Every structure is written in structure tokens, then in C-alpha cells.
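Report on the structure given below.
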Amino acid sequence: MKMTKFFAWLAIAVGVIYFFVPLLGTFEFSLRMRRGEYSFDAYGSVFSDAAFRATFGFSMLMALLTIIFGMLLIVPTAYWVRLRVPQMRPVMEFITLMPLVIPAIVIVFGYLRLYNSSSYIPFTGSTFGTNVLLVMSYITLSLPYMYRSVDTAMRTIDVRTLTEAAEILGAKWPTILFRCIFPNVMSGVLSGAFITFAIVMGEFTMAALLNRPAFGPYLQLVGANKAYEPSALAVIAFAITWLSMGLLQLVSRFSKMAPSRA
Amino acid sequence: MGAGRPFSSSDRNTGFMSTASSSFIDRRTVVDWLGVAPFMIFALMFLIVPTFYLVVGAFFTPEGTLTFKNIADLFTPTILSAYWISIKVSFASSLGGAIIGFALAWAIVLGGLPSWIRSSLLTFSGVASNFAGVPLAFAFIATLGRTGLVTVFMRDWFGFNLYSTGFNLLSFVGLTLTYMFFQIPLMVLILTPALDGLKKEWREASEILGASTWQYWRMVAMPILWPSLLGTSLLLFANAFGAIATAYALTGSSLNIVPILLYAQIRGDVLHNPNLGYALALGMIVITGASNVLYIWLRMRAERWQK
């Protein structure tokens, strides 16, 4: 028993060293900009950079649009599949897993070939079209997470009874969808939204190859040209990930405490 | 759900009803399928057709005639070595992730540690498994780069120059070490429930029958755990194989791995044959696809014991 405990602590110690040294190293490095003393100069330099604000804002907007349109696509579909075409469930599971199997770089390669400016659907022909394509690519990337969290939330409510009750009371389908189904799967929608946010904010491949001024390519550019700012940016990026995951945990804990009303 | 479904489509399509009032039934069926149409159109446009386009393109020349030359051209030294380095990095990082991740999961489930360690490790794993891409590369440059914290610390305090040992962050070892930062947490997150599923009774029963700890692990726990363990390792492998942002930010284009080669090919046709790029993408899909299929199969085996 003593031995077990010793090895358990040893494993934790190895883990703590492996995970905390890089974080500590990054933070320490980000403070080294002024010679001989620690300062937050690198952060000041990052925040005063206009490109930082522009790309950060752009990625925020993209993340928001991804979440809104992704959820408008996925929640009704998941609802419909549960209610009317349950035989489609394995197909849905399969399709929503595919983005984990096919690397992002392959997907975007396909887009560039299929939707270039001389094709039938020239998404990449205009800035607006490319932005639309970028949001679509982010929805594709986050499909596995969004669909799973929504579907899990839908498992805890009785979709059929809710729908029948609403229909008896005379509700039309937009009412059923937005006033019965959406509020009941809000915990799933939110967990999916937070993880999507974390993914989109740091995403590099899609934005770089579609040539959009997003946060990921900006990070890469700074990394290639500056010394201390990258560490400051890494600390900021880590804080964003931590924040989204913290909110996700909060939501899932909250929804576990609240008893299902169905 | 399940048994009491009043209107599953299979009932509707069979029996005399379908002939008696076929127009009504057909309309319901059509409406049923129309409901999933937006999603299917989305999936076709942004996932299936683009992938399919590349897969088909791999078997054609730029002029449009059928050929296997693109596939054959994958077996040239540059491309072969890119695949080989990619496979090595993915394998090493998934193996390292599996071993350390298993040790951590074991420690928090069976190690008898205080419960706050378990909850904080799981929360941290949720964060760290999503902390990848470009910032992760920055973190490791700041730590193990030429002027990184650990490098400087070892030099100043122990007079030990890490880089004189031939270590280089921008190499196979460095990339493997960096990838493990998101591989280990993923392993912890997936394996912890599997270890939770080991019932206390199995251990007690084997102890009563006189088994040693080693015998218990070898003959009871491991046969139950191995599908989860191997399956998750395969998932980690595919995960590392498709990753590009970390490697690109870390090494630029100095390390010749498949995703970086493909990136360069998309950017500027470095292989001087666009359809060879399709073949390169096809190779990636085949490798990640195979490891994912094996993962799903092993997971189904593993879940038999987690009911």
C-alpha cells in the first residue's frame, strides 16, 4: 500500500514538472523583455499592436458566427433525427466524427480546389465569400464537439413528449424549436459553444490557407519575427483556453445540479 | 425511446397502409427526410465532396486521364521520408502520451491520493488537451529553446549545455516532447473512466484466490483495459499525424513532415504536380482513417466491460 502511494505521488510529480515547467518558462520568458529586470513590457507591446487587436477581433467574430450558425444547423437536425428519423442516428454519428479523421489541412485543400474563383461556386473569389467559407470550415471542425454535446443534452429530455405537449397547446414549429427545445438543451449548446470558441480562437491551418487575417496566422507571424512577444501571446492564449474550459466545467456542473424537468 | 415509437418509418413503409393511402404516407416520409436535408447538404458541400474530390484527383493526371503514377510517385525518397518522420513522431508521442497518461490516470484513480488532486488534474487535462497549435510551440521555445528557461537554468547552475548533447528542439525529439503536451491530457481524460470501471470486487476476488498484485494486473486488469489503452493510443497517433500548426510554428519548414510538405504544396506546388498533392492528402486520410477505424473497433470491445 505504501508503495502504491509512493508511485502515485511519483507519477503526479512527473506530470506536474512536465506540465508546469513549460508554462512557467513561457511566463518567465514573457517578462524578460527589459534587460536585467522583469517587466510586463512584452504584454504592453502586444496590446498596443494594431494587428493584434484587428486579428483578435476578427477571430472573435468568426468564433461567434461559427457558434450561432453551427447551433442553428445542429440543434434542429439533432432534434429532428431523434424525433422523426432515428434510423439516421448512426449516419449522423459517422458524419460528425469525420472531421476528427480527416485532417483539417486536407479539408481546406479540398475547398481551395473545389471553390476557387474559376469554379461553379467561387467562394474564394471575394472577401465575403472567403469569410463565409472560413465560418463553414470552422463549423465543420467543431461538428464532433457541438453535435455530441447537443445530443447528450437531448438524451436527458423527452423530446417526443415535449413536442406532443407543445403541439396540443397549439404551438407551431418555430415555437417548439426555439421556446421548448433550445432552452432545454442550453447546457449542451453552451458546452459546445465554449469548446468551439477555444478551437476557433487559436486555429491556424484554415485561416492561413484561406488567407484570412485571423489570430492564428498572426501568432505564427509574430513567432517568426519577434523574441518576447510570442511568449506573452502564448500566456494570453493559454488564459483564453483556460477561461473557455473553466466556463464549460461551470456549465456542466450547473446542469448536473439542476434536476431534469422533463 | 425505442420500443414504443408510434411512427417509425419502417412501420409506415410496410403493410397495407402504404398502398391504401400512399400519397399521405409519402408526404410524411418526404417531410421526415427534408428535415435532415440542410445538414446533409452542409456535410456534402463542406466535408464529403471536398475530400472525395481530392481522393478521386489522386488517380488522375492534370489533363484528366486515369493513372496510378501519382500513387507510385509517393514512394520517392523525399515523400517517403516525410511520411516516415511523421509516423515516427506520431508513434513516439502517442507512446509517450500513453505511458505517462496511463500512470497519471492510475495515480488519481487507484493511487489513494487526496480527491482534490483528481479533480484538479482532470480540469487541467481538459484545458491542456485543447492548448495546441501555435502558442504551444511558443511555450516550448521559451522553455527548451536556446535561451529557454530550462536551457539557461541548466547552463548557469550545473554548467551543463543541453545543446552540446546534440539536443535540438527543432527536431524529432523536440517535436515529440512538444506533442506530448496535448497527448498526455487526452489519454488521462479517456482512460480515467476506463480505470474507474475496474470493479473493486474483481481485485478482492483475485486476492482471496491468492493472486499477487502482478498477477491481478496481468490476468485481470490488463485484459480488460488493453482495448481502451491501445484504442486511445491509436486516437493519439491520428491526432499527432494530422497536426500542423505546432510543428510549423516550431520548425518553420525545416522539419520535413507530411502536413508541412502538404502545406508547402498547397501554397506553392513544390512537388510540381498538383495531382501528386492529392495523392499526398489521400495518404494522410488512409493513415488517420485506418487508425480511427481500429480505435472505434477497439472501443466497442472496451465498452463491453463498462456497462
Side-chain angles (χ1 to χ4, degrees), chain A residues 4-5 7-9 11-12 14-15 19 21-26 28-29 73 77 80-81 84-88 95 98-107 109-114 136-137 140 195 198-199 202-205 209 216 219-220 223-224 230-231 233-234 237-238 241-242 245 249, chain B residues 5 8-9 32-33 35-36 38-39 42-43 46-47 49-51 53-54 57 100 103-104 106-107 110-113 117 121 123-124 126-128 130-131 133-135 137-143 148-150 181 184 238 242 244-245 248-249 252 259 262-263 266 277 281 284-285 288-289 292:
Chain A
T4 308
K5 219 161 189 162
F7 281 115
W9 280 112
I12 295 293
V14 169
F19 284 107
V21 167
L23 296 177
L24 199 72
T26 315
E28 197 262 354
F29 203 84
L73 181 72
T77 307
W80 197 255
V81 167
R84 299 286 283 274
V85 270
Q87 68 270 32
M88 282 291 287
I95 292 177
M98 271 175 74
L100 292 181
V101 179
I102 305 166
I105 188 165
V106 173
I107 297 176
F109 190 20
Y111 289 175
L112 288 171
R113 292 292 155 187
L114 209 54
M136 294 303 153
S137 74
T140 309
I195 199 154
I199 293 171
E203 207 282 331
F204 168 76
T205 321
L209 285 170
L219 288 176
Q220 197 273 324
S231 303
L233 283 167
F238 191 75
T241 316
W242 188 269
M245 292 300 126
Q249 292 247 326
Chain B
R5 281 201 309 266
S8 85
S9 71
D32 276 359
W33 290 102
V36 288
F39 180 83
F42 175 86
F46 297 106
L47 185 63
V49 174
T51 312
Y53 185 84
L54 297 183
I100 299 178
L104 285 172
W106 168 81
L110 302 164
L113 298 174
I117 291 192
L121 183 72
T123 308
F124 180 82
V127 177
N130 282 294
F131 183 66
V134 183
F138 294 167
F140 271 80
I141 291 170
T143 307
L149 184 72
V150 171
F181 199 90
I184 295 172
I244 164 163
Y248 189 71
L262 185 58
Y263 186 84
I266 297 172
M284 284 184 80
I285 299 173
T288 56
N292 271 285

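Since the model is a prediction, treat every value here as computed from it, not as a measurement. Order of the sequence lines sets the chain letters (A, B, ...), proteins ahead of strands, with each chain counted from 1.
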State whether the side chain of Thr288(B) and the backbone N or O of Val101(A) hold a donor-acceptor pair below 3.5 Å, judged by distance alone.
-> yes
In terms of heavy-atom proximity below 4.5 Å to chain B, should Ile12(A) be classed as side chain, backbone, both, or neither?
-> both
Which atoms of Ala237(A) come close to chain B, meaning under 4.5 Å heavy atom to heavy atom: side chain ones, backbone ones, both, or neither?
-> both
Are side-chain heavy atoms of Asn130(B) and Ile195(A) found at a separation under 4.5 Å?
-> yes
Considering only heavy atoms, which portion of Val36(B) lies under 4.5 Å from any heavy atom of chain A: side chain, backbone, both, or neither?
-> both
Please assess Thr4(A) against Leu110(B) for the test side-chain contact (heavy atoms from CB on, under 4.5 Å), listing each intermediate value before the final yes or no.
-> CA-CA 8 Å; Thr4(A) 308; Leu110(B) 302 164; 5.9 Å; no
Toward chain B, the part of Glu28(A) with a non-hydrogen atom under 4.5 Å = side chain
Say you draw a straight line from CZ of Phe29(A) to CG of Leu149(B); how long is it, rounded to the nearest 0.5 Å?
-> 10.0 Å
Turns out that what part of Leu100(A) lies under 4.5 Å from chain B's heavy atoms comes down to backbone
With sequence neighbours left out, write down each residue that passes ring pair (Phe, Tyr, Trp, His ring centres under 6.0 Å) with Phe238(A), or none if nothing qualifies.
-> Phe131(B)
Check whether any side-chain heavy atom of Leu233(A) lies under 4.5 Å from a side-chain heavy atom of Pro135(B), and answer yes or no.
-> no
Exam field: side chain Tyr111(A) to backbone Pro50(B), donor-acceptor pair closer than 3.5 Å = no
For Ala103(B), is it the side chain, the backbone, both, or neither that has a heavy atom closer than 4.5 Å to a heavy atom of chain A?
-> both
Between Ile141(B) and chain A, which part of the residue has a heavy atom less than 4.5 Å away: side chain, backbone, both or neither?
-> neither
Looking at residues at least two apart in the chain, or sitting in another chain, which of them share a side chain to side chain donor-acceptor pair (under 3.5 Å) with Thr77(A)?
-> none
Interchain contact, Phe42(B) with chain A, by part (heavy-atom threshold 4.5 Å) | side chain
Applying a strict 4.5 Å limit to non-hydrogen atoms, the region of Phe181(B) in contact with chain A is both
Please answer whether the main-chain N or O of Ala8(A) pairs with a side-chain N or O of Trp106(B) as donor and acceptor at a distance below 3.5 Å.
-> no
So CH2 of Trp242(A) and OG1 of Thr123(B): to nearest 0.5 Å the spacing works out to 6.5 Å
